[in-house]
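Notes follow the structure.
What you see is a predicted model, and the numbers here were worked out from it, not measured in a lab.
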Amino acid sequence: MIQTLLYYLSLACFLGFLLLKVYLKYSKVPRSISFFHPNCNDGGGGERVLWIAVQTVVYSITQGQNIDLVYIYTSTPDTRDNIFHNLQNSFGIYFTEDEKNYIQFVRLKTCTLIESKWYPKLTILGQSFGSVIVGIEAALKLNAPIFIDTTGYSFTYIFARWIAGSKVMAYVHYPMVSSDMISRVQNQDSEYNNSDNISSSFILTRAKILYYLFLTKIYKLAGNQAHIVLTNSSWTNSHITKLWGSGTILFPPVNISKLSELDLNNRKELLVSLGQFRPEKDHKKQLIAFSQFLKEGEGRFDHVQFCIIGGTKEKHRNDNIIVKTLENIVIELGLTNNVELLTNLERDELVHYLSEAKAGIHTMKHEHFGISIVEFMASGVVPIAHNSAGPKEDIIVENDGYLADTVEDYVKYLIEIFDKTDEEYHDMQVKVRNSTQRFSDEAFSNNFMEHLQQLF
């Protein structure tokens with residue numbers, strides 16, 4: 001009886017699979033491209049990659065490319081007009097009314113399944129399998145011949161390629177799991193993604209290592225389904241190539257054109273930090289370093305101001321908790337007269353601060369790329385970044401900035417920058433600005449289109 005039941009159940013699943021495959025084959029929208037990016041209106045670096053890629057494809061349509069429409073899978077409740085309005089405010093990206101007609105949004109209802117709040121434990125695994133459901137919904141609502149993922153949800157590739165019959169391109173900002181993550185657990189290092197109760201326990205550490213090794217296996221399986229894999233940095237590419245067997249570096253587009261026009265003269269005694277308020281950004285280290293910098297200056301740096309600029313998302317309540325925690329640290333360190341925390345600034349306001357700042361600080365360890373660091377440099381703001389990953393391997397490579405490991409390193413370089421003569425500082429500004437052209441929108445668009453052409 002049980003064998004018969006299993007037989008018919010297997011037969012039903014097989015027939016359902018065939019019917020779904022046939023349905024998706026004949027419902028495919030010809031001459032179209034789809035982008036998988038549920039949070040397309042969030043305003044982060046990943047979203048800028050998406051929209052420059054979309055802009056590139058739309059331009060190719062206007063030039064006679066054999067594409068009619070671009071579809072974006074999204075979960076945002078914002079209206080179409082609000083999305084384009086926010087796009088212009090956040091990134092300075094503008095579409096004409098005619099160009100907007102080539103862009104359609106496919107609203108997804110299951111995207112809540114990829115939110116971390118549902119998976120307090122085994123978060124990565126839960127989000128990964130949740131993304132499978134979201135990917136199925138996406139294909140059922142709109143099936144395009146080319147599926148481009150710009151978020152890193154690689155588990156969508158299996159369905160997109162083998163069931164929906166799409167060609168898959170992946171733009172990877174960071175690996176879901178990496179050897180660095182496993183090493184930190186093996187070394188029992190306590191960090192934002194390896195809590196004290198795990199790092200202090202031999203048994204829990206062994207269990208987490210096994211969990212990461214399992215994730216590595218299934219992540220490799222999923223990633224191997226992509227026809228073309230692009231990565232945002234040497235660090236990411238190294239990890240992805242080891243896992244997936246292929247990968248090509250395509251630096252993310254950075255809006256350096258307007259920033260490169262900012263006046264290099266008359267800078268204020270101002271230090272800035274730029275990035276979303278997340279645990280991995282390690283803003284606390286910035287405040288400790290700044291406090292120590294003021295103390296070691298013995299009065300001569302008391303006039304230096306520090307603006308920490310970052311984004312918070314309403315749905316990510318932890319972002320606002322981090323801001324509140326930082327505000328308390330500012331008070332504890334006695335920095336209220338020197339430090340200001342600024343959230344969710346308009347693009348023009350952000351550019352204003354970059355036009356006045358002398359130095360920029362970035363403390364995230366293993367930053368996959370570091371768009372804000374490039375923005376510092378294009379603006380003529382001398383950067384100090386963590387001596388690892390993207391900043392070390394791709395951005396600050398010709399002594400065009402400073403790389404730091406410890407709080408003491410950050411303090412030393414802050415003193416060096418603010419002690420420079422006007423002539424020494426100007427020479428440094430010119431050097432850091434001139435090194436940013438390889439990260440321009442134009443460089444990204446040209447290379448992106450070359451890779452996309454392979455899928456036509």
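- Contact annotation: the side chain of Lys141 never approaches that of Tyr71 to less than 4.5 Å [non-hydrogen atoms, C-beta and beyond].
- With Asn344 contributing its side chain and Thr312 its backbone, the two residues share a donor-acceptor pair below 3.5 Å.
- Under the 4.5 Å side-chain criterion, counting only non-hydrogen atoms from C-beta, Phe369 is in contact with Ile395.
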Working for side-chain contact (heavy atoms from CB on, under 4.5 Å), residues Leu243 and Thr216: CA-CA 8 Å; Leu243 290 166; Thr216 300; 3.4 Å; yes
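- In this structure, Glu137 contributes its side chain and Lys109 its backbone to a donor-acceptor pair below 3.5 Å.
- Classification of the Tyr174-His368 ring pair by plane angle, with boundaries at 30° and 60°, yields parallel.
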Show me the donor-acceptor pairs, under 3.5 Å and distance only, between side chains in residues 43-55 and residues at least two apart or in other chains.
unit_1	atom_1	unit_2	atom_2	d
Glu47	OE1	Gly44	N	2.7
Glu47	OE2	His37	NE2	2.7
Arg48	NH1	Pro253	O	3.1
Arg48	NH1	Asp441	OD1	2.8
Arg48	NH2	Asp441	OD2	3.1
Trp51	NE1	Cys40	O	3.0

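- The minimum heavy-atom distance linking Asn39 with Ser75 is given by the pair OD1-OG, 3.9 Å.
- A salt bridge links Asp419 with Arg300: at least one charged nitrogen is closer than 4.0 Å to a carboxylate oxygen.
- Leu125 is not listed as a side-chain neighbour of Tyr119, based on a closest heavy-atom distance of 4.5 Å or more.
- Thr363 pairs in a side chain to side chain donor-acceptor pair (under 3.5 Å) with only one of the listed residues (Lys284, Gln286, Lys281, Glu280), which is Gln286.
- A donor-acceptor pair under 3.5 Å is formed between the side chain of Tyr410 and the backbone N or O of His386.
- Checking Leu333, Leu294, Val304, Leu271 one by one against Asn338, the side-chain contact (heavy atoms from CB on, under 4.5 Å) holds for a single residue, Leu294.
- Contact record, Asn237 with Thr248: OD1-N, 3.3 Å, taken as the closest heavy-atom pair.
- In this structure, Arg80 is not positioned above the aromatic face of Phe84 in the sense of NZ or CZ being under 6.0 Å from the six-membered ring centre and within 45° of the axis.
- Here the rule is ring-ring contact (aromatic ring centres under 6.0 Å, His included) with Phe306, and of Phe418, Phe293, Phe301, Phe290 only Phe290 fits it.
- Side-chain atoms of Ile256 and Met377, non-hydrogen and from C-beta on, never get closer than 4.5 Å to each other.
- With hydrogens and angles disregarded, no donor-acceptor distance shorter than 3.5 Å links the side chain of Glu269 to the backbone of His303.
- Distance alone, capped at 3.5 Å, places no donor-acceptor pair between the His227 side chain and the Met169 backbone.
- Side-chain atoms of Ser445 never come within 3.5 Å of backbone atoms of Thr56 as a donor-acceptor pair (strictly under, hydrogens ignored).
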